[in-house]
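Heads up, the thing below is written out as structure tokens.
Not measured: the values here are computed from a predicted model. Letters A, B, ... mirror the listed sequences (proteins, then strands); counts begin at 1.
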Amino acid sequence: MAITGIKGMNDILPAEIAVWQYLEASARRVFGCYGFNEIRVPVVEKTELFKRSIGETTDIVEKEMYTFADRNDHSLTLRPEGTAPVMRSLIQHKLFNRDPLTKLYYMGPMFRYERPQKGRYRQFHQIGAEVVGADDPRIDAQVLVMLCQYFAEVGITDVSLQLNSLGCKECRPAYREALISYLASRTDALCEDCQRRFQTNPLRVIDCKAVGCNSATADAPAMIDHLCGHCDNHFHAVRRTLDDLEVDYEINPRMVRGLDYYTKTTFEMVTNNLGAQNAVAAGGRYDGLIQELGGPALPGIGFAMGVERLALLKGEDSQLVEKPALFIAALGEGAQRVAFILMTRLQRRGVRVEMDYAGRSLKAQIKRADKLGAAHTLIIGETELAAGAGVLRDMTSGDQEPLALSAAEDLLVQRLVCSRIALDGALTTRL
RNA sequence: GUGAGUGUAGCUCAGUUGGCAGAGCCCCGGAUUGUGGUUCCGGUUGUCGUGGGUUCGAGCCCCAUCACUCACCCCA
């Protein structure tokens, strides 16, 4: 019996890696423009970190974490999300002392023990960004603009940005009480889950998708109508800035977050094209988190995107697959020897080159060149070898021209590097 | 944790009332000397998820088990 992988933890095979690399490279490029720098933190942290940040009573902490004891009986957890580890690192290394405004991004695997389904896996990947040190509403807007630009640049268009405010520790408790008393008057209409949780986590009830709950809470009080003066001003300033920047968004007063640390501005990028899952990216402000984790009272805001979900939306794009610039088709032992040396020299100089090693017919070799998507094929047979000139075939047009073997290396480097720049140009304009 | 569905070639899937294990794609070779994409011809590929049971005979019927998928839930 062969050993298989673990449920919900997937291999990303060469055929699908092009999209992943594209999504990651695009994030680096776009986030870089906004002044973000990458940070890499471990995949494992002390369990306490997630309990303190995400919240003891959240589903993630209660039943979804991969928690285990190491050989010294310390409780460790595979990170279920990225913000808490990044904040831990920021506090530990006092990054806020080097720069009052810290902008970080990260990408990597996260782990949650859930039943896998479409767009939801036990090991999944996030690309996230965090800004620490500013509570200016323009920062909220900037983060949202950056998020929207990312989606535009990677060509994922069928999404919408949902915006809400969850208030702060000044105004949320009062709202919570108002919501509980509203819900208490109509518990009969709520689904089983909501009847249980309306006391512990009433905000979750207005986010419930059960039809009963949905209609029962239709005119429930909304957080955005109960914001304190400060939060209300902040929310309006964020909206005004987004309007100035012509960013499309919808206010969704029922949107709630699954992690306890969120305050004020919260948002989700949602889609209808992911089956039961509709969030591709989500985030918000977390003004109390850093202090809660033992750091200074610094405000923060950030988001995370699900890479598997982005990849599902993006789909397979053959244009993203790396193709050889050249295939060398050699016939006969002497030609194969020359071809292998030439191929290696070109590879050393940065050209993607392929050849055949099985001594196949010219027809079979050209067929393979076509299949690999090579832009050109250099044919070297006995006659070419004797004449000292190969035949360079343009695989798109079918045009062929002689190419002196003595000068082939330099000519091909020059030519194929040029075509590579043209290809990059095409990719850039396509965005 | 709950529910439903599906397991047959590398991939997508047929398989009749229980009677020799199939197709398409992929891969390999060929269609007058050494030229790809279209077409035509030929070929390779199997623990029918696994273990039991019924039967002269099981891919098909029965029991168990495992895996996967989707949904609930939750969320990126």
Side-chain angles (χ1 to χ4, degrees), chain A residues 1-2 4-8 10 13 15 23 54 58-65 79-83 107-129 147 159 191-194 196-197 201 204 207-210 255-259 267-271 274-284 302-313 327 329-332 335 356 358 360-385 390-400:
Chain A
M1 187 67 173
T4 59
I6 294 168
K7 181 202 282 281
N10 301 319
L13 301 175
L23 291 169
I54 298 171
T58 58
D59 280 12
I60 294 177
V61 170
E62 276 183 347
K63 48 193 187 193
E64 294 176 359
M65 293 204 304
R79 61 182 183 192
E81 61 109 29
T83 301
M107 52 186 71
M110 308 292 163
F111 304 84
R112 293 184 199 174
Y113 191 88
E114 301 183 89
R115 269 300 262 285
Q117 67 188 69
K118 186 173 184 176
R120 191 179 83 180
Y121 310 101
R122 289 185 173 177
Q123 173 174 327
F124 61 104
H125 297 75
Q126 289 189 333
I127 299 175
L147 180 63
V159 289
C191 72
E192 239 176 82
D193 287 324
C194 288
R196 176 173 46 77
R197 66 188 165 198
N201 200 345
R204 176 108 289 146
D207 188 45
C208 184
K209 283 146 217 145
M255 190 184 72
V256 171
R257 309 274 60 228
L259 290 72
F267 51 89
E268 277 182 16
M269 196 63 91
V270 299
T271 177
L274 278 178
Q277 262 61 342
N278 64 352
V280 214
F303 65 80
M305 309 188 284
V307 183
E308 282 82 358
R309 294 180 186 185
L310 290 170
L312 279 169
L313 292 174
F327 188 96
L331 293 161
D356 168 69
R360 274 197 271 258
S361 69
L362 180 60
K363 180 198 186 85
Q365 292 193 53
I366 291 194
K367 205 168 180 169
R368 179 159 168 78
D370 178 54
K371 201 185 149 259
L372 292 171
H376 297 271
T377 300
L378 178 63
I379 301 165
I380 309 174
E382 306 289 354
T383 42
E384 286 79 9
L385 200 58
V391 172
L392 186 65
R393 179 180 179 85
D394 182 314
M395 295 298 282
T396 314
S397 65
D399 296 342
Q400 297 193 164

If I compare all heavy atoms of Gln117(A) with all of Gln277(A), which pair ends up nearest, and what's the gap?
NE2-OE1, 3.6 Å
Taking for Met395(A) and for Gly306(A) the nucleotide of RNA chain B with the nearest heavy atom, the one nearer the 5' end belongs to Met395(A)
Please classify the nucleic acid contact of Gly283(A) as base, sugar-phosphate, or nothing, using heavy-atom distances under 4.0 Å.
nothing
Is there a donor and acceptor pair, one atom on the side chain of Arg115(A) and one on the base of G1(B), closer than 3.5 Å?
no
A76(B) P sits how many Å from Arg79(A) CZ, rounded?
15 Å
Rounding to an integer number of angstrom, what distance separates G46(B) and C20(B) when you compare their C1' atoms?
15 Å
Interatomic distance where CZ belongs to Arg122(A) and C1' belongs to U69(B) [whole Å]:
14 Å
Under 4.5 Å between any side-chain heavy atoms of Tyr113(A) and Arg122(A), yes or no?
yes
As its Watson-Crick or G-U partner within any shown strand, both distances under 3.5 Å, G37(B) has none
Can you tell me the Watson-Crick or wobble partner of A76(B), both distances under 3.5 angstrom?
none
Please work out if Leu310(A) contacts a base, only the sugar-phosphate, or nothing of the nucleic acid, heavy-atom cut-off 4.0 Å.
nothing
Both distances under 3.5 Å, Watson-Crick or G-U wobble: report the partner of C27(B), or none.
G43(B)
Taking atom P of C68(B) as reference, at what distance in whole Å does atom CD of Gln117(A) sit?
14 Å
Partner lookup for C68(B), please. Criteria are Watson-Crick or G-U wobble with both distances under 3.5 angstrom; report none if nothing qualifies.
G5(B)
Measuring only between side-chain heavy atoms, which start at C-beta, is Ile366(A) closer than 4.5 Å to Phe327(A)?
no
Determine: side-chain N/O of Lys7(A) to OP1/OP2 of C66(B), distance under 4.0 Å, yes or no.
no
Heavy atoms only, 4.0 Å cut-off, all strands: where does Arg112(A) land among base, sugar-phosphate and nothing?
base
Nearest whole angstrom, please: distance from the C1' of G37(B) to the CZ of Phe327(A).
15 Å
Does any non-hydrogen side-chain atom of Leu331(A) lie less than 4.5 Å from one of Gln365(A)?
yes
Is any N or O donor-acceptor pair between the side chain of Thr383(A) and the base of G34(B) shorter than 3.5 Å?
yes
If you measure from the P atom in G49(B) to the same atom in U12(B), how many Å do you get, rounded?
15 Å
With distance as the sole test, does Arg112(A) use its side chain to make a donor-acceptor pair with the main-chain N or O of Pro80(A) at under 3.5 Å?
yes
Taking atom P in both C62(B) and U44(B), compute the distance separating them and give it to the nearest angstrom.
35 Å
Please confirm whether any donor atom in the side chain of Gln365(A) sits under 3.5 Å from an acceptor in the base of G34(B), or the reverse.
no
Select base, sugar-phosphate, or nothing to describe what Gly119(A) touches, counting heavy atoms under 4.0 Å on all strands.
base
With C1' as the reference atom in both, quote the distance from A14(B) to U33(B) in angstrom, rounded to an integer.
44 Å
What is the base-pairing partner of G18(B), counting Watson-Crick and G-U wobble geometry with both distances under 3.5 Å?
none
Can you tell me the Watson-Crick or wobble partner of G57(B), both distances under 3.5 angstrom?
none
Would you measure the distance from the C1' atom in C73(B) across to the matching atom in G57(B) and give it in whole Å?
48 Å
Check every strand shown and say whether Ala369(A) touches a base, only sugar-phosphate, or nothing at a heavy-atom separation below 4.0 Å.
nothing
Would you say the base of C75(B) and the side-chain of Arg309(A) have a donor-acceptor pair closer than 3.5 Å?
yes
Are Arg257(A) and Glu268(A) within salt-bridge range, i.e. N to O under 4.0 Å?
yes
Does a side-chain N or O of Gln277(A) approach OP1 or OP2 of C75(B) to a distance below 4.0 Å, or not?
no
Here the distance between atom C1' of C68(B) and atom CZ of Arg120(A), to the nearest Å, is 15 Å
For Asp59(A) and Pro116(A), find the nucleotide of RNA chain B closest to each by heavy atoms; which residue's nucleotide sits nearer the 5' end?
Pro116(A)
If we call it a pair only when both distances are under 3.5 Å in a Watson-Crick or G-U wobble match, what pairs with U32(B)?
none
Send over the distance from Glu382(A) CD to G34(B) P, rounded to a whole Å.
11 Å
For a quick check of understanding: with a heavy-atom distance under 4.0 Å over all strands, which category does Glu81(A) fall into, base, sugar-phosphate or nothing?
nothing
Indicate, with a heavy-atom threshold strictly under 4.0 Å, whether Glu62(A) touches base, sugar-phosphate, or nothing.
nothing
Nearest-Å distance, NZ (Lys371(A)) to C1' (U38(B))?
18 Å
Taking all non-hydrogen atoms of both residues, which atom of Leu147(A) and which atom of Phe267(A) are closest, and how far apart?
CD2-CE1, 3.9 Å
Taking CG in Leu13(A) as the centre, count heavy atoms belonging to other residues, nucleotides or ligands within less than 6.0 Å. Is the count above 12?
yes
Whole Å only: how far is the NZ atom of Lys367(A) from the P atom of A31(B)?
12 Å
